[in-house]
Amino acid sequence: MKSKKTIIICALVTILILGGVISAVSLLFNHPLRIEKPTFIYIDRDDTADSVYVKLQRDLNATHLTGFKMLARLKKYDQQIHSGAYRFDASINTLTLFRRLSSGHQTPVKVVIPSVRTLSRLARSLDRQLMPDSTEFARLVGDSAFCASLGFNLETMPALFIPNTYEAYWNTDAEAFIQRMKKEYERFWTQERKDKAQACGLTPVEVSTLASIVEEETANKSEMPMVAELYLNRLQAGMPLQADPTIKFSLQEFGLRRILHKHLEIESPYNTYKHAGLPPGPIRIASIQGIESVLNHAQHDYLYMCAKEDFSGTHNFAATFAEHQANARRYQQALNKRNIR
């Protein structure tokens with residue numbers, strides 16, 4: 001009888017101990033981290049287990065990491081740290097958190113390709129959005145052999161990038177990301193768009209080049225197809241484009257408000273006052289709307305344009321040089337009146 005009681009007591013003690021262990025394990029591994037809102041944590045390629053702990057405490061408000069550290073030691077997490085961006089919501093617990101990080105099950109991030117003036121600015125933008133730094137992107141887009149492998153050269157490389165929002169893994173290396181942009185470029189240039197480009201007498205890269213000039217020439221979106229047609233008329237007539245934005249690009253002085261005769265003397269293949277036809281490549285990364293304004297250009301006979309004297313950002317168009325001179329005089333007088341030099 002005494003033996004039976006002892007067995008029952010031992011069994012009860014065992015159950016209590018197991019219950020305590022289970023509760024402790026549950027507390028360690030299933031306790032939610034209490035994140036206030038969905039949050040990303042970014043693990044760099046040079047992170048250590050200790051630096052990951054710091055990020056968990058700082059970014060996920062993980063004040064109790066005992067369970068995570070136990071799993072990390074057991075599974076040798078310090079030997080298998082996966083870089084990447086990981087998004088966690090308010091319901092995440094320690095066990096799921098560890099499984100995601102240790103398996104490298106990261107979350108895609110949204111990457112915006114902006115319509116900027118230079119590839120160096122693009123590199124700086126990508127630096128802020130992806131793990132590789134700006135020097136890695138700049139080195140590749142400045143490598144003539146790499147550009148050639150994609151079917152571009154140093155001058156035409158801006159045409160590769162189609163401004164849009166894409167999904168990518170944060171730790172994608174620079175070369176893989178640019179290769180991805182080549183696929184997006186090929187996807188964008190459908191047969192329909194290629195046919196429209198051919199009807200303009202242009203290649204897709206030349207469309208982007210002209211679109212970049214159009215976008216620098218006018219900020220008025222409804223006016224872009226008009227400006228595009230004017231330049232197409234000039235190309236067809238064999239006239240120089242005489243586009244002021246190409247002078248600013250040649251000088252790398254984008255803030256110039258008044259183009260003077262001395263500016264037109266710059267020796268540059270981008271000087272469309274001295275060289276007929278399109279410049280060697282885009283003078284900015286053309287937006288989709290800019291590209292579409294060339295592909296779906298207006299129909300008119302204008303060959304000249306001049307900024308309106310009301311500084312509205314739009315233009316007066318003219319079919320003859322005499323009309324253009326009258327428009328230009330009014331604009332010059334407005335500049336002088338405002339003392340813009």
Side-chain angles (χ1 to χ4, degrees), residues 40-52 54-55 58-59 78 80-87 101 104 106-188 205 208-209 212 215-216 245-246 248-255 268-270 279-288:
F40 272 94
I41 182 170
Y42 299 90
I43 308 300
D44 291 289
R45 62 188 125 197
D46 59 351
D47 266 320
T48 64
D50 286 337
S51 63
V52 171
V54 171
K55 290 182 177 183
R58 182 192 66 202
D59 301 332
D78 60 337
Q80 54 177 350
I81 296 174
H82 297 280
S83 63
Y86 301 84
R87 183 181 184 272
L101 292 180
Q106 58 179 304
T107 311
V109 297
K110 294 187 182 301
V111 181
V112 177
I113 297 295
S115 176
V116 290
R117 286 190 171 115
T118 65
L119 290 178
S120 61
R121 292 187 183 183
L122 173 64
R124 290 197 294 274
S125 175
L126 292 175
D127 180 299
R128 294 189 292 271
Q129 300 181 73
L130 294 168
M131 187 175 73
D133 63 32
S134 61
T135 59
E136 295 177 63
F137 289 108
R139 177 182 61 79
L140 288 170
V141 297
D143 182 333
S144 58
F146 177 70
C147 294
S149 73
L150 298 172
F152 295 83
N153 57 39
L154 295 177
E155 290 75 26
T156 61
M157 195 64 176
L160 168 69
F161 299 95
I162 306 297
N164 212 334
T165 300
Y166 304 95
E167 277 197 347
Y169 288 118
W170 181 72
N171 64 346
T172 302
D173 66 52
E175 182 172 345
F177 183 77
I178 294 174
Q179 293 284 2
R180 160 76 184 285
M181 290 300 98
K182 176 65 188 302
K183 292 179 181 178
E184 296 294 344
Y185 172 89
E186 292 169 347
R187 187 176 291 115
F188 173 81
V205 168
S208 292
T209 299
S212 72
E215 287 195 273
E216 285 290 311
T246 65
K248 295 179 183 180
F249 183 85
S250 299
L251 295 165
Q252 290 292 289
E253 293 184 25
F254 301 108
S268 168
Y270 288 88
I283 61 173
R284 69 175 297 126
I285 295 176
S287 71
I288 292 177

Taking side chain as C-beta onward, heavy atoms only, is [X] less than 4.5 Å from [Y]?
X: Ile113; Y: Asn164; result: no
X: Tyr86; Y: Leu101; result: yes
X: Phe146; Y: Arg139; result: no
X: Leu119; Y: Phe161; result: yes
X: Gln252; Y: Thr118; result: yes
X: Tyr185; Y: Val205; result: yes
X: Ser83; Y: Asp47; result: no
X: Leu140; Y: Glu175; result: yes

Legend entry - Leu126 and Glu136: CA distance, side-chain angles, deciding distance, side chain to side chain contact (heavy atoms under 4.5 Å, CB included) verdict: CA-CA 10 Å; Leu126 292 175; Glu136 295 177 63; over 6 Å; no

Inset, instruction - Start with the C-alpha gap between Glu216 and Lys248, add the side-chain angles, then the distance that decides, and say whether salt bridge (charged side-chain N to carboxylate O under 4.0 Å, His left out) holds. - result: CA-CA 10 Å; Glu216 285 290 311; Lys248 295 179 183 180; over 6 Å; no

Legend entry - Any donor-acceptor pair under 3.5 Å from Asp78 side chain to Ile81 backbone: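 Not a single qualifying donor-acceptor pair exists.
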
For [X] versus [Y], what's the shortest heavy-atom pair and its separation?
X: Gln129; Y: Val112; answer: OE1-N, 2.6 Å
X: Thr156; Y: Pro282; answer: CA-CD, 4.1 Å
X: Thr172; Y: Pro132; answer: O-CG, 3.1 Å
X: Ile283; Y: Ser212; answer: N-OG, 3.0 Å
X: Lys55; Y: Ile41; answer: CB-CD1, 3.6 Å
X: Ala286; Y: Pro163; answer: O-CD, 3.0 Å

[atom1]-[atom2] distance between [X] and [Y], expressed to the nearest 0.5 angstrom:
X: Thr48; Y: Ile43; atom1: OG1; atom2: CD1; answer: 10.0 Å
X: Arg121; Y: Ser115; atom1: CZ; atom2: OG; answer: 11.0 Å
X: Lys182; Y: Leu160; atom1: NZ; atom2: CG; answer: 7.5 Å
X: Trp170; Y: Asp44; atom1: CH2; atom2: CG; answer: 4.0 Å
X: Leu122; Y: Arg284; atom1: CG; atom2: CZ; answer: 11.5 Å
X: Ser208; Y: Ile162; atom1: OG; atom2: CD1; answer: 5.5 Å

Inset, instruction - Begin from the C-alpha positions of Tyr42 and Asp59 and carry the test side chain to side chain contact (heavy atoms under 4.5 Å, CB included) through to its verdict. - result: CA-CA 9 Å; Tyr42 299 90; Asp59 301 332; 5.9 Å; no

Inset, instruction - Assign the ring pair Phe249 / Tyr270 to parallel, tilted or perpendicular, where the plane angle (0 to 90°) is split at 30° and 60°. - result: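 Phe249 vs Tyr270 ring planes: tilted.
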
Inset, instruction - Examine the side chains of Asn171 and Gln106 and answer whether a donor and an acceptor come within less than 3.5 Å of each other. - result: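 A donor-acceptor contact under 3.5 Å links the two side chains.
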
